[in-house]
Amino acid sequence: MPTTLSLSLRRLWTLDKFAYSLRVFLAFSGALLLSWALADIGLVIPLFLGIIASALSETDDSWQGRLQALVVTLICFAAASLIVRWLFPWPWLFALGLGLATFVLVMLGAVGQRYATIASGTLILSIYTMINIEHHGGVPQAGDWSQMLLILSGAAWYGAISVVWCALFSRQPVKQSMARLYRELARYLMLKATLFEPLRGVDVEARRLALARQNGRVVEALNLAKETIFRRLEGQRGEGKLNRYLRIYFIAQDIHERASSSHYPYARLTEAFFHYDVLFRCQRLLDQQGQACRRLAKALLLNQPFEHDQSEQALADLRASIDHLKGMRNPAWRELMPPLNALADNLASLESQLVLAHNPDSDSSPGDTSLFDRSPGSVKDAWERIRLNLTVASPTFRHGLRLAVALLAGYGVLHLIHPTQGFWILLTTLFVCRPNFAATRRFLSQRIVGTVLGLVAGWVSITLFPSPLLQTLIAVAAGVTFFATRERHYVIATAAITLLVLCSFNQVGDGFDLIWPRLFDTLIGATIAGAAVFLILPDWQGRRLHRQAAAALQASRRYLEEILHQYASGKQDDLAYRLARRNAHNADAALSTMLANMLQEPEHYRRRDADDGFRFLVHSHTLLGYLSALGAHRHRLDAEEADAQLLPNGERIAGYLAALAERLERRQPVAELEAEREALLTSLEQEVLQSPEEEEQEYRPMHGQLLLVARQLTPLSEAAERLVAMRDRPEREALNAAG
């Protein structure tokens, strides 16, 4: 029994939200104990509001970084509280300050995620200060700073807990981010395995689309893991445990490159080897390697040894199946056997990386372990990032202006109809109004449903449990639930925070009087947010789709150039190569996210753009797979090697991708590039005709993968042409409707 309990506690400790929720619980409990000790339950509300704002502003850092961020956060909170307090009696000045501060704080988010988080928390605390002032009569008392100091004390109290926690358990977030990364890799490998399933009539395009979407989640996990490690490595390069996790991260990068590699069109492999077991062997091996990644994630979290032997037999079976096919000496397979061998070699290398993950310290030559720092290096760099976003074309600028107008509209409605507890309108608008329509639509409906559920639960709680002690304990539990569920289950989170509000405010007043105002304010605030995102500089994804597609092509082009450079100079996983590879996958993931958002937009605005966009995504992701295979097999080419003569062809392909991206960016026809494309394809196919007839042809990654890339340029260009044509489609549809 003790062993079972210990294992359950260890598993609970591995949950990424458990530590976050426990910190919140400690902060709420401390505030509650202080209120009881001073026999003033009224202290709970401002302390809770400060704790919530501080917890929402928490950044992922080492304890030193978290301490610095806490100081900045408290300064911003104090400034915001003072400004709200000073301007509160003068509505016109208050409205001006509200709009200006909102825009400035949103634009501050352009500097980086850390600053965006602090800015968002500052806006939230500003509205909490308004709510607290209104709750105490609506007029700040001269010389009475107690409420503002209590809110700041709550924020500082949670911040202190967070800093101490970061110092005591600095590696826990690293382990959790690495575990998440390997779980996402596991899902990717198992999805990739389905492409090798030897079945006819399967919707391969749908599977490739699902793979592209999962690739976006892998890229997101890679970025999160990198930032988590980087923040803790600053000034701690000699720390053994962190360096071990850094090596495991680089192993994950290599696994991702090899897993995303494509050595041949899967449909042709299925057709050729349908009656043989080789594709089944590939599928089983990939699936087993996905299971191995999942076990590795669990081992990292539980500090258990990573056992990896299931896929070794699958690899041996694949080798035996390929040897059997070679022995048949079928001339129809002459072009297929080299890439099939390369596929097996790639999976074998992936297998060796999994073995290395079992003991990453055994790698005596980790090479370049530097990480790219995306944070601004100076105030000048920070201002330059903001300056580049001071344009209507910037989504950050549009969101800042939109949110400022929305909050001003909410403030105007508040004074127009004088609702009770009217500042909840602004809070709802702030939480619901998101940078794009899809997210706003999702949060709008979830916010309303969650508020209704929370009000019902609150009414039941304060009716059945009139004891102040029980209601306060319910409020603490609801607060912890909010932070545990706010990212994945927003309906539950909204219900929980609503329950906290009712139970807390019932301690110093009548919570029943808050039910209907809270509901009406939520409906008004949600309506304002929805109208704002629909009417004020609407950021319809289809308008930027061609630019994001062009960015994906440019990133793939730079990735190809880095690969060619390594074929010329020699393989090394240096920062330049890893950065080009990551940027290519980031651009692919951004395109996938944009298309997913388009599906949530009104039909009138997305029309058939989403279908064309998804078609382009499939072809772009296929191109990235061919480039990944070229990168996975990279090695230095000697001058006498035949493939060394193909480097100029690779450079011509990179030039073609740049030209295609430029035309897509400017929405110019791409038909003029057809001659260059055909010349490239003819040059590479001529190499096949000139190759000697050998029973066992050696795989040449430079030639094989560049040929696949050249063949992919045609469907990619056709998909790009359809995106270019989207500019004229609304006019054509309008003319057809009029006719």
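We're numbering straight along the sequence, starting at 1.
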Quick one: does [X]'s side chain have a donor or acceptor within less than 3.5 Å of a partner on [Y]'s backbone?
| X | Y | value |
| --- | --- | --- |
| Gln289 | Leu347 | yes |
| Ser321 | Leu318 | no |
| Arg667 | Ala725 | no |
| Lys192 | Leu286 | no |
| Arg187 | Gln214 | no |
| Gln541 | Met598 | no |
| Arg663 | Pro669 | yes |
| His703 | Leu684 | yes |
| His585 | Asn583 | no |
| Glu184 | Arg217 | no |

> In terms of ring plane angle, is the pair Trp333 and Tyr276 parallel, tilted or perpendicular, where the classes change at 30° and 60°?
Replying inline: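 The rings of Trp333 and Tyr276 stand perpendicular, inter-plane angle above 60°.
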
> Between His621 and Tyr188, what is the ring plane arrangement, given parallel below 30°, perpendicular above 60°, and tilted in between?
Replying inline: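 Perpendicular, since the angle between the ring planes exceeds 60°.
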
May I ask you to check whether [X] and [Y] show a side-chain donor-acceptor distance below 3.5 Å?
| X | Y | answer |
| --- | --- | --- |
| Arg677 | Thr714 | yes |
| His619 | Gln712 | yes |
| Tyr490 | Arg442 | no |
| Tyr656 | Ser717 | yes |
| Ser260 | Ser628 | yes |

> Does the side-chain contact (heavy atoms from CB on, under 4.5 Å) test come out yes or no for Leu623 and Leu708, once each step is laid out?
Replying inline: CA-CA 8 Å; Leu623 171 70; Leu708 290 174; over 6 Å; no

Quick one: [atom1] on [X] to [atom2] on [Y], what's the gap to the nearest 0.5 Å?
| X | Y | atom1 | atom2 | answer |
| --- | --- | --- | --- | --- |
| Arg398 | Leu537 | CZ | CG | 5.0 Å |
| Ile563 | Arg581 | CD1 | CZ | 9.0 Å |
| Thr622 | Leu716 | OG1 | CG | 9.0 Å |
| Leu706 | Leu680 | CG | CG | 9.5 Å |

> Could you walk me through whether Tyr182 and Ile255 pass the side-chain contact (heavy atoms from CB on, under 4.5 Å) check?
Replying inline: CA-CA 10 Å; Tyr182 276 92; Ile255 290 175; 4.2 Å; yes

Under a 4.5 Å cut-off applied to non-hydrogen side-chain atoms, are [X] and [Y] in contact?
| X | Y | value |
| --- | --- | --- |
| Pro538 | Val533 | no |
| Leu707 | Arg711 | yes |
| Val111 | Ile386 | yes |
| Asn597 | Met594 | no |
| Arg402 | Phe397 | no |
| Lys226 | Asn223 | no |
| Val724 | Gln668 | no |
| Phe614 | Leu209 | yes |

Salt bridge or not for [X] and [Y], using N-O below 4.0 Å?
| X | Y | result |
| --- | --- | --- |
| Asp588 | Arg213 | no |
| Arg284 | Asp277 | no |
| Arg615 | Glu718 | no |
| Arg258 | Asp254 | yes |
| Glu562 | Arg558 | no |
| Glu384 | Arg387 | yes |
| Arg544 | Asp539 | yes |
| Glu197 | Arg207 | yes |

> Could you go step by step and tell me if Gln566 and Gln572 meet the side-chain hydrogen bond (donor to acceptor under 3.5 Å, both in side chains) rule?
Replying inline: CA-CA 7 Å; Gln566 299 231 338; Gln572 52 181 339; 5.9 Å; no

> Does the pair Thr593 and Glu220 meet the rule for a side-chain contact (heavy atoms from CB on, under 4.5 Å), with working shown?
Replying inline: CA-CA 11 Å; Thr593 300; Glu220 181 184 357; over 6 Å; no

If I compare all heavy atoms of [X] with all of [Y], which pair ends up nearest, and what's the gap?
| X | Y | result |
| --- | --- | --- |
| Leu560 | Ala654 | CD2-N, 3.7 Å |
| Met702 | Leu647 | CE-CD2, 3.5 Å |
| His399 | Cys433 | CE1-O, 3.4 Å |
| Tyr249 | Leu222 | CE1-O, 3.5 Å |

Could you work out, with side-chain hydrogen bond (donor to acceptor under 3.5 Å, both in side chains) as the rule, every residue matching [X], not counting sequence neighbours?
| X | value |
| --- | --- |
| Ser556 | none |
| Glu487 | Lys17 |
| Tyr559 | Glu257 |
| Arg294 | none |

>> So if I apply the side chain to side chain donor-acceptor pair (under 3.5 Å) rule between Tyr577 and each of His565, Lys571, Arg634, Arg582, which one comes out positive?
In response: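 Of the listed residues His565, Lys571, Arg634, Arg582, the side chain to side chain donor-acceptor pair (under 3.5 Å) partner of Tyr577 is Arg634.
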
>> Could you tell me if Arg434 sits above the aromatic ring of Phe443, with its cationic atom closer than 6.0 Å to the ring centre and no more than 45 degrees from the axis?
In response: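 Yes; both conditions hold, so Arg434 lies above the ring face of Phe443.
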
> Do Arg281's NZ or CZ and the ring of Phe196 fall within the cation-pi criteria of under 6.0 Å and 45°?
Replying inline: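 No, Arg281 and Phe196 do not form such a contact.
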
> How far apart are the C-alpha atoms of Phe273 and Leu336, what are their side-chain angles, what is the distance that settles it, and do they pass the side-chain contact (heavy atoms from CB on, under 4.5 Å) test?
Replying inline: CA-CA 10 Å; Phe273 300 116; Leu336 301 178; 4.1 Å; yes

> Going by the ring-ring contact (aromatic ring centres under 6.0 Å, His included) test, which pairs reach into residues 199-225, not counting sequence neighbours?
Replying inline: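 Pairs touching residues 199-225 that pass the test: none.
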
> Can you name the residues that form a salt bridge (Lys or Arg N to Asp or Glu O under 4.0 Å) with Arg385, not counting sequence neighbours?
Replying inline: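 In terms of salt bridge (Lys or Arg N to Asp or Glu O under 4.0 Å), with neighbours along the sequence ignored, Arg385 is linked to no residue.
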
